[in-house]
Amino acid sequence: AGITLKCLTEGAAVPGGEIVMEYSAASTGKVSVVVDDSDIYSSSVEAYGQTSGKIVLVTRSNASLQKQRAFIIFNVDGGDDDWWLVSFDNAGQVVISDIR
């Protein structure tokens, strides 16, 4: 589906902080986004149009970043789901992995 997901937040993440990301699809189809945020505090998705938008993740303040993660599932026009994992390394840097 040609999804691109990039982090706009500079520097290290902190517990209780926000992580801002942007997504876009190479396709012209409608992109739907689902965030499994059960391991973080909360999430929100704001579409810019059919193929791009912003995702904001808020981390828990009462847990180390290494114990927090979010799965982001993209779907373009009802095709196969594209799963991404957002996690944190020991220095608090955001790690974005396309896992499926």
Minimum heavy-atom distance between [X] and [Y], given as atom pair plus value:
X   : Y   : answer
C7  : V94 : SG-CG2, 4.0 Å
R60 : I40 : NE-O, 3.5 Å
S27 : V76 : OG-CG1, 3.4 Å

Using 0.5 Å steps for rounding, measure from the CE atom of M21 to the CD1 atom of I96.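 If we round to the nearest 0.5 Å, M21:CE and I96:CD1 are 5.5 Å apart.
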Rounded to the nearest 0.5 Å, what's the gap from CD1 on I3 to CG on D98? Could you check?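 Result: 9.0 Å between the selected atoms.
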For [X], which residues count as a side-chain hydrogen bond (donor to acceptor under 3.5 Å, both in side chains) partner, sequence neighbours excluded?
X   : answer
D39 : R69
S61 : none
D77 : none

Determine whether P15 and L65 make a side-chain contact, defined as any pair of heavy atoms from C-beta on separated by less than 4.5 Å.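 Sidechains of L65 and P15: in contact.
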If you define the side chain from C-beta out and look only at heavy atoms, does anything of I73 sit under 4.5 Å from N75?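 A side-chain contact under 4.5 Å is absent here.
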Among residues at least two apart in sequence or on other chains, which ones pass ring pair (Phe, Tyr, Trp, His ring centres under 6.0 Å) with Y23?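 Result, ring pair (Phe, Tyr, Trp, His ring centres under 6.0 Å) vs Y23: F74.
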Tabulate below the donor-acceptor pairs under 3.5 Å that side-chain atoms of residues 43-56 make, not counting sequence neighbours, or state none.
from	atom 1	to	atom 2	distance (Å)
S43	OG	D37	OD2	2.8
Y48	OH	E22	OE2	3.0

Can you list the steps and then say if T59 with V14 is a side chain to side chain contact (heavy atoms under 4.5 Å, CB included)? CA-CA 8 Å; T59 59; V14 295; 5.9 Å; no
Are V20 and L57 connected in the hydrophobic side-chain network, where two residues link if heavy atoms are under 4.5 Å apart?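 Each belongs to a different hydrophobic cluster.
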Are L5 and V33 linked, directly or through other ILVMFWY residues, by side chains that come within less than 4.5 angstrom of each other?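 In one cluster with L5: V33, yes.
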Go through the structure and list residues passing salt bridge (charged side-chain N to carboxylate O under 4.0 Å, His left out) with D89, not counting sequence neighbours.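 So D89 forms no salt bridge (charged side-chain N to carboxylate O under 4.0 Å, His left out) with any residue.
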Show your working on side chain to side chain contact (heavy atoms under 4.5 Å, CB included) between V95 and F88 and close with a plain yes or no. CA-CA 5 Å; V95 178; F88 305 93; 6.0 Å; no
Side chain to side chain contact (heavy atoms under 4.5 Å, CB included) partners for S64, two or more places apart: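 Checked S64 against side chain to side chain contact (heavy atoms under 4.5 Å, CB included); matches are Q66, K67.
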With sequence neighbours left out, what residues match S42 under side chain to side chain contact (heavy atoms under 4.5 Å, CB included)?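 So S42 forms a side chain to side chain contact (heavy atoms under 4.5 Å, CB included) with V58.
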Between D36 (side chain only) and S38 (backbone N and O only), is there a donor and an acceptor less than 3.5 Å apart?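 Side chain of D36 to backbone of S38, a donor-acceptor pair under 3.5 Å: yes, one is there.
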Quick check: are there more than 12 heavy atoms from other residues, nucleotides or ligands sitting under 6.0 Å from CZ of F71?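 More than 12 within 6.0 Å, yes.
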